[in-house]
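Structure first, then comments.
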Amino acid sequence: MTAQPRIWDIPGGIHPPQNKHQSTARGLEQMPLPARLVLPLLQHIGNRAVPVVQIGERVLKGQLIAEANGPLSCPLHAPTSGIVRAIEPAPYPHASGLDELAIILESDGQDEWTELRPLPDYRDEQPLDLLDHIRAAGISGLGGAGFPTAVKLASRPDHHIDTLIINGTECEPYITADDMTMRHRAPQIVAGIEVLMHILKPDQVLIGIEDNKPEAITAMREAVGERPMQVVVIPTKYPSGGEKQLIQILTGKEVPSGGLPADIGILCQNVGTALAVHDAVLLGRPLISRITTLTGAALERPTNVEALIGTTIADLLAFAGLRQDRLYRLVMGGPMMGFTLQTLRGQARSHKPGEPGPQAGTEPAEQIPEPGLQAPIIKTSNCLLAGTIEELPPPPPALPCIRCGLCAEACPAELLPQQLHWFAMGKDYEQLQRQNLFDCIECGACAYVCPSSIPLVQYFRAGKAEIRGIELQQSRAEHSRQRFEQRQERLEREAEQRELERQARAEKAARAKAAREAQTAQQQAEQSEQATEPKPAEPDLARIQSRKVTTLSAEQKQLKIAAATARMALQRAQKQLAANPDNADLQAQIPTLEQAFAQAQQAFDAQMSDQEKP
């Protein structure tokens, strides 16, 4: 067995209660086929997908129903066969509670697959072709961020990835989806890692797993066998599962502020993403399902299920035996980084932040379902936590900061949360950026240790949102300015072009006028010369009229034709000379043509004179 490689520690971090045992007793269960699926077009970072199906159309399982909209986007596929009933805004699993455009699919119960295109001999394929295959399968990161996997794999083509890290830490309390994935799908995960290795050609592959998952560690080590990859066991510490934190633990390297892991030759992928790559490449299946943890004291049978994307939260909680009377807060994700969904008016949404919630065992004033239960799970949904008031009590009122410094000690990014808090309250966005606010991973460690119960992460999220909004406005203003300047430049170019065309037309008209004036002057000069020349003797009309009409002989006809041809040549040359008075060649040809015409005419006249003699 390969020796355990060296591991490093990260600054800060905390050890909250794990509570992972609740959902691991029943293994991995298969969720029944739901009657209705809600498929939001936005299930990843980037642009929402564009529908390619029509209302009323029947689709097959795995069929493309929405195509990617740009490079930073993911296509969407039908999780089962059925009829597209609507394309409209629908409840969406987000803290805002706002609706999102979605495809509503009614299952026909047949679960009929479309034609699949697996690549069992993927080692014969080029890496770019495999990236296209992964992109077409709609795979985005299943660890929570939802970044399109193909884009991440090709993020820095000019940099060699020397280390591929597979994230199996799952440091968030309560969540065991990755744990169950490694226990029950370890061979498939390893096969997916081999596909990633064929694409990236890394020098080493490290699979990081926290030491609180002994069954997953054993399963992964057995699946890895003698392959060139290492299962690295790291101490349990939150948030060791953060991408930058895991890289530092396994390699000792730190990702630069504002940079990417690819900048230092490292790429990190989640175990669920590796499983999805296996399904896409070796089985030809797009990403249409995921393993999700259903946990919390408000559930009768907490478990992990493999559920179709688009399954509603109500169906999932019903499968796990939700006790509605005990539900106080429904959290999408874990208690540290998750967000609360709207469930019932009069319970979780009935009090303001910082105020006491309803007492344990009391019934809410009303039981009106909110859209949160009708929202679906999406590609990034790894956990549903249905907590009771004892399990997830409301936070106490926030008190003034006592400057204890515990938040700075707990911060894994080595930031100063206290300073960030003050700058966020004062809306000093320049200082927030100078203090590297965007290096905050919003893990919640600072708020967890704060003795004054200050909701620090909420301030940081609000500050980030404000800065993004300002940058967006500035970007739009800059874009508008550039468009205005480009329009002005275009109008100036068009005006210059019109002026050049006008000048060209004027010059052409002037040249034509000069040519006409020259031609007129030449004609007047010729007429003047003809007026000064002696007029030829008037023909003897009586003698001509007295001539007898005779028939021309063949020789006379030829002489007449020759004379006419010579006259036409002379006249044509004279016209050309009048149009081009400076043409020396024409001037030289005129005397020759005049002489040829005179000789031809004399020959014809002489022949006619001989004919008239008695």
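Worth knowing before you read on, the calculation uses all heavy atoms, side chains too, and leaves out hydrogens, waters and symmetry mates. Position 1 is the first residue of the sequence; numbering continues from there.
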Next on the checklist: Before you tell me yes or no, could you show the steps for Leu415 and Leu420 under side chain to side chain contact (heavy atoms under 4.5 Å, CB included), namely the whole-Å CA-CA distance, both residues' side-chain angles and the distance that decides it to 0.1 Å?
Outcome noted: CA-CA 8 Å; Leu415 301 177; Leu420 292 173; 4.1 Å; yes
Item to check | Pair Asp263-Val255, side chain to side chain contact (heavy atoms under 4.5 Å, CB included): steps then yes or no | outcome: CA-CA 8 Å; Asp263 297 335; Val255 179; 5.8 Å; no
Item to check | Intermediate values then yes/no, side chain to side chain contact (heavy atoms under 4.5 Å, CB included), Ile193 and His198 | outcome: CA-CA 9 Å; Ile193 296 173; His198 178 71; over 6 Å; no
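Across Val38 and Ala90, no two heavy atoms sit closer than the pair CG1-CB, 3.8 Å. The shortest heavy-atom contact between Pro256 and Lys244 is O-NZ, 4.4 Å.
For residues 473-488, the salt bridge (charged side-chain N to carboxylate O under 4.0 Å, His left out) pairs, not counting sequence neighbours, are Glu478-Arg481, Arg481-Glu485. Residues in residues 63-87 take part in these salt bridge (charged side-chain N to carboxylate O under 4.0 Å, His left out) pairs, two or more places apart or across chains: Arg85-Glu106. For residues 564-580, no pair satisfies salt bridge (charged side-chain N to carboxylate O under 4.0 Å, His left out), with sequence neighbours left out. Listed by first and then second residue, the salt bridge (charged side-chain N to carboxylate O under 4.0 Å, His left out) pairs that reach into residues 252-261 come to none, sequence neighbours excluded.
One finds the CG atom of Leu130 at 10.5 Å from the CG atom of Leu200 (value rounded to the nearest 0.5 Å). In this structure, CG on Asn436 lies 4.0 Å from OG on Ser257, to the nearest 0.5 angstrom. Summarising the geometry, atom CD1 belonging to Ile165 is positioned 5.0 Å from atom CD1 belonging to Ile247; distances are rounded to the nearest 0.5 Å. Interatomic distance, Gln43 CD to Ile377 CD1, rounded to the nearest 0.5 Å: 9.0 Å. Here the CD1-CG distance, from Ile199 to Leu131, works out to 5.0 Å after rounding to the nearest 0.5 Å. Ile470 CD1 to Arg468 CZ: the interatomic distance, rounded to the nearest 0.5 Å, is 12.5 Å.
Counted within 6.0 Å of CD on Glu430, heavy atoms from surrounding residues, nucleotides or ligands total 12 or fewer; the atom is thus considered open. For CD of Glu494, the number of neighbouring non-hydrogen atoms (other residues, nucleotides, ligands) closer than 6.0 Å is greater than 12. With a 6.0 Å radius and a threshold of 12 heavy atoms from other residues, nucleotides or ligands, Glu57 has its CD atom above the threshold. The number of heavy atoms from other shown groups lying within 6.0 Å of CD (Glu115) does not exceed 12.
In this structure the side chain of Asp108 reaches within 4.5 angstrom of the side chain of Ser81, judged on heavy atoms.
With hydrogens and angles left out, the side-chain atoms of His77 and Arg285 include no donor and acceptor closer than 3.5 Å. Under the 3.5 Å distance criterion, with hydrogens and angles disregarded, no donor-acceptor pair is assigned to the side chains of Gln482 and Gln486.
Remark: Lys508 engages Arg511 in a side-chain contact (heavy atoms from CB on, under 4.5 Å) (not counting sequence neighbours). Checked against side-chain hydrogen bond (donor to acceptor under 3.5 Å, both in side chains), Arg227 has the following partners two or more places apart in sequence or in another chain: Glu194. Every residue meeting the side-chain contact (heavy atoms from CB on, under 4.5 Å) condition with Ala86, not counting sequence neighbours, appears here in chain and number order: Glu88, Ile104. Taking Glu501 as the reference, Gln497 meet the side-chain hydrogen bond (donor to acceptor under 3.5 Å, both in side chains) condition, with sequence neighbours excluded. Phe597 is linked by a ring pair (Phe, Tyr, Trp, His ring centres under 6.0 Å) to nothing, counting only residues two or more places apart in sequence or in another chain. Take Gln433 and apply the side-chain contact (heavy atoms from CB on, under 4.5 Å) test, not counting sequence neighbours, and it matches Ile467, Glu471. Judged as a side-chain hydrogen bond (donor to acceptor under 3.5 Å, both in side chains), and not counting sequence neighbours, the contacts of Asp111 are Lys61, Thr80. Considering only residues two or more places apart in sequence or on other chains, Pro71 meets the side-chain contact (heavy atoms from CB on, under 4.5 Å) condition with none of them.
A distance-only check finds no donor-acceptor pair linking the side chain of Lys152 to the backbone of Gln269 [under 3.5 Å].
For the side-chain contact (heavy atoms from CB on, under 4.5 Å) criterion with Val53, the lone passing option out of Leu105, Ile103, Leu64 is Ile103.
Ring orientation note: the planes of Phe339 and His94 are tilted relative to one another, at an angle of 30° to 60°.
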